Peer 1: 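So that we are looking at the same thing, I have put the structure below in structure tokens.
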Amino acid sequence: MNIILLGPPGAGKGTQAQMLVSERGMVQLSTGDMLREAKTSGTEMGKMVADVMARGELVTDDIVIGLIREKLDGSKSGGFIFDGFPRTLGQADALTTLLSEMGADLDKVVELRVDDDMLVSRIVNRANEAAAEGKPVRADDNEDSLRVRLMSYYKLTSPLIGYYHAKGLLTSIDGMGTMDEVKAGIAAALEP
Ligand code: AMP
């Protein structure tokens, strides 16, 4: 089963994706993680996107589609969880094409709905906790970048909600509960 976890920054996509990986053997494809890895390993592409990411803007469709193309491997049987991808309609169309080239389909899109106030407090907490533990704080986990990230989400990514609804693939769930409550909501959404 191939699924998308859709939702604004701080909605819990990454946390929930990791649980699906450990419990269902699915493969998480997070473009955010891939871009951060490219940044820390100092590749040309990583250097190119660092400022864009720190500001909270989206990197170009070509770059993220290229990253996903490299990682999509039809032999992975547990299915893919797309986390933070697609973020634009262009990326959504590219994903359909890439999957059909592998003879695969998108099975479900789960939208995690979370209020803006909670998103801000989750991200601020994530930054504070990382700092307290002496771990690196994400360059975009600050109030200015978060405002841009939310704007990018509402302007460019939220149209995907209507798009996948029209395709009959969307289930929207409450992302405001505890980790276990959200996990149960996702499990219910993934039932055939
Ligand atoms: P994330 O870890 O998903 O919150 O992504 C962190 C940042 O990476 C985003 O704010 C964007 O700058 C960039 N990014 C991640 N995924 C994408 C994508 N699919 N399209 C464009 N930019 C992305």
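First listed ligand is number 1; within each ligand, the first listed atom is number 1. As the structure is a prediction and not an experimental result, all values here were calculated from the model.
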Peer 1: Check each atom of ligand 1 against the heavy atoms of Leu35 and keep those under 4.0 Å away; list them by number with element.
Peer 2: 8 (O), 13 (C), 14 (N), 15 (C), 23 (C)
Peer 1: Just so I know, are the side chains of Asp33 and Gln28 near enough to count as touching, which here means a heavy-atom distance under 4.5 Å?
Peer 2: yes
Peer 1: For atom 12 (O) of ligand 1, what's the nearest protein heavy-atom neighbour? Residue, atom name and distance, please.
Peer 2: Glu57 O, 2.5 Å
Peer 1: Distance under 4.0 Å to a non-hydrogen atom of Thr31: what atoms of ligand 1 satisfy this?
Peer 2: 15 (C), 16 (N), 17 (C), 18 (C), 19 (N)
Peer 1: Does ligand 1 have any atom that is closer than 4.0 Å to a heavy atom of Arg36?
Peer 2: yes
Peer 1: Picking from Ile81, Leu95, Asp105, Asp107, what satisfies side-chain contact (heavy atoms from CB on, under 4.5 Å) with Asn2?
Peer 2: Asp107
Peer 1: May I ask you to identify, for Gln91, whether its side chain, its backbone, both or neither come under 4.0 Å of ligand 1 on a heavy-atom basis?
Peer 2: side chain
Peer 1: Return a yes/no value for Gly84: is any of its N or O atoms, backbone included, closer than 3.5 angstrom to an N or O of ligand 1?
Peer 2: yes
Peer 1: Do the charged groups of Lys183 and Glu23 touch, with an N to O distance under 4.0 Å?
Peer 2: yes
Peer 1: Tell me the protein heavy atom at minimum distance from atom 7 (C) of ligand 1, and give that distance in Å.
Peer 2: Met53 CE, 3.9 Å
Peer 1: Could you tell me the residue and atom name of the protein heavy atom closest to atom 9 (C) of ligand 1, and the distance to it rounded to 0.1 Å?
Peer 2: Arg87 NH2, 3.9 Å
Peer 1: Under 4.0 Å between a Lys/Arg side-chain N and an Asp/Glu carboxylate O for Asp140 and Arg149?
Peer 2: yes
Peer 1: Check ligand 1 against Arg138 and write out every atom of the ligand that is under 4.0 Å from a heavy-atom position of the residue.
Peer 2: 1 (P), 2 (O), 4 (O), 6 (C)
Peer 1: Please determine, by modelled atom types, if Thr96 and Asp93 share a side-chain donor-acceptor pair under 3.5 angstrom.
Peer 2: no
Peer 1: Could you find the nearest protein heavy atom to atom 22 (N) of ligand 1 and give me its residue, atom name and distance?
Peer 2: Val59 N, 3.2 Å
Peer 1: Any carboxylate oxygen within less than 4.0 angstrom of a Lys/Arg side-chain nitrogen, looking at Asp83 and Lys13?
Peer 2: no
Peer 1: Around Glu143, counting heavy atoms of other residues, nucleotides and ligands shown, do more than 12 lie under 6.0 Å from its CD?
Peer 2: no
